[in-house]
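The structure appears below as structure tokens.
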Amino acid sequence: MPGFEWLGREEKEAVVDVMDRGVLFRYEFAEKRGDAWRVRQFEEAFAAYAGAKHALAVTSGSAALKVALCALGVGPGDEVITQGFTFVATWEAILDCGAEPVFCEIDDTLCMDPADLEKKITPRTRCIVPVHMMGAPADIGRIKAVADAHGVPVLEDTAQAAGCFLNGRHMGTFGKVGTFSFDAVKTLTTGEGGMVITDDADLWRRASEYHDHGHDHRPVGRGNEGRNFFGFNFRMMELQGAIGLAQLAKMPAMVQTYQKHKNAMLEALGQVPGLSPRRVADRSGDAATFVSWFLPDAQAAARFNKSLADSGCGAVPWGVNTWHSYPNWEQLHAGATPIASGWPFKRPGGADLRFGPADLPNTKELLGRCLSWQIMLNWDDAKIEAMRQAVAKAAKEL
Ligand SMILES: *Cc1c(COP(=O)(O)O)cnc(C)c1O
């Protein structure tokens with residue numbers, strides 16, 4: 001999913017323009033900046049691209065999750081359900097709010113399993129956070145139906161799915177709020193950065209104020225004296241806003257390129273008996289940053305990947321990956337924290353939070369036989385041909 005491949009002249013000129021104006025801060029200094037508000041413009045352009053009414057740029061995708069959860073009112077005593085296949089930031093943000101993450105199985109979408117979600121809901125569930133992994137959607141219709149039946153808001157962690165649409169609608173707009181990451185390896189990158197989108201004006205204002213020390217942001221912008229509540233600082237800077245605008249303009253061409261490369265890979269993989277691709281509901285809306293497939297079992301996945309690796313085309317073996325999968329998050333299972341009291345795993349006046357490595361057997365089983373390739377924008381025909389040949393060779397050795 002790396003937009004860094006296409007960082008170029010456009011981003012460079014946008015950065016130089018900000019430097020020439022001499023204002024790095026997103027608010028105030030109207031005269032000095034010559035009325036150029038890059039972060040605000042990036043918010044408006046991103047909201048238009050995604051089809052949301054409001055957007056708030058922040059410092060990272062992790063910050064976007066934290067700000068959105070706070071704006072939803074999530075805190076101690078609340079449970080937040082998310083999935084056992086995501087980046088650690090999703091549950092770190094939940095813990096950082098003082099709430100308790102509850103982990104849900106994934107299904108063959110590689111995202112939240114709506115049937116398991118139903119089982120994990122309790123009277124304390126305050127938010128549901130499906131994660132659209134690797135550029136493609138969760139089964140958001142069914143997830144939304146379960147959430148609506150229980151009156152619980154959905155926050156879509158869309159960090160990995162900028163540019164992904166389901167039946168013409170951008171991911172992150174199905175739930176109450178959507179969050180994005182623009183970190184160094186995401187499709188749209190500003191180095192570090194993130195975005196919160198919502199159609200709810202009050203939620204947007206709470207998020208906007210919280211991300212700026214609680215400063216009053218009514219009706220829009222800043223500068224009113226007074227603070228409505230405590231907050232923090234998650235403000236994006238103008239340099240990032242300028243880069244974001246330039247990157248956003250490249251999104252349609254990036255997605256088109258990813259789709260072209262991914263289709264070539266799916267075609268090659270489609271020749272291999274016993275191999276099934278990840279379920280993607282709407283191929284035409286796929287952001288296509290990864291191609292993922294299942295083998296019949298973990299041994300076959302290891303054999304297949306050994307052969308791919310011997311050809312210089314190794315895939316991500318999710319069974320052993322420690323970044324994204326619940327069974328391999330040692331720090332979570334150990335309840336490891338730098339905080340002396342043991343927070344957030346030890347809770348004053350409450351039971352300790354414990355997360356057993358064997359708690360999500362379906363997720364472990366599915367990821368154990370799943371392989372993915374990250375699709376690169378700059379693959380040329382020779383590279384794609386080499387990948388094709390690697391697949392054909394691996395198929396023979398299966
Ligand atoms: C990247 C990512 C994040 C965090 O984004 P940062 O900008 O790196 O803080 C959150 N959730 C998921 C699913 C991610 O992939």
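In what follows, residues are counted from 1 in the order of the sequence shown. Read the numbers this way: they start at 1 and go in the same order the structure lists the ligands and their atoms.
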Flag, side chain of D157 to backbone of P130, donor-acceptor distance under 3.5 Å: no
Check: D183 main-chain N/O paired with T189 side-chain donor or acceptor under 3.5 Å: yes
Passing candidate, ring-ring contact (aromatic ring centres under 6.0 Å, His included) with F85, options Y326, W329, W318: W318
Residue portion contacting ligand 1 (non-hydrogen atoms closer than 4.0 Å) for S62: both
Ligand 1 versus A159: contacting region, heavy-atom distance under 4.0 Å: side chain
Side-chain H-bond candidate by donor/acceptor type, H54 with D199, under 3.5 Å: no
Residues W6 and N378: side-chain donor-acceptor under 3.5 angstrom: yes
Output field: ring centroids F355/F103 closer than 6.0 Å: yes
Distance flag, aromatic centroids of H170 and F180, threshold under 6.0 Å: yes
E192 near ligand 1 by a heavy-atom separation under 4.0 Å: no
Under 4.0 Å from a heavy atom of [X]: which atoms of ligand 1 are those, numbered in the order shown and with their elements?
X	result
T86	13 (C)
S60	7 (O), 9 (O)
K186	1 (C), 2 (C), 14 (C), 15 (O)
D157	10 (C), 11 (N), 12 (C), 13 (C)
V131	13 (C)
T90	11 (N)
D183	1 (C), 6 (P), 7 (O), 8 (O)
A89	3 (C), 4 (C), 10 (C)

Any N/O pair S181/ligand 1 closer than 3.5 Å: yes
Within-cut-off N or O pair, G61 and ligand 1, under 3.5 Å: yes
W343 atom CH2, over 12 foreign heavy atoms within 6.0 Å: yes
Residues E209, R227: salt bridge by 4.0 Å N-O rule: no
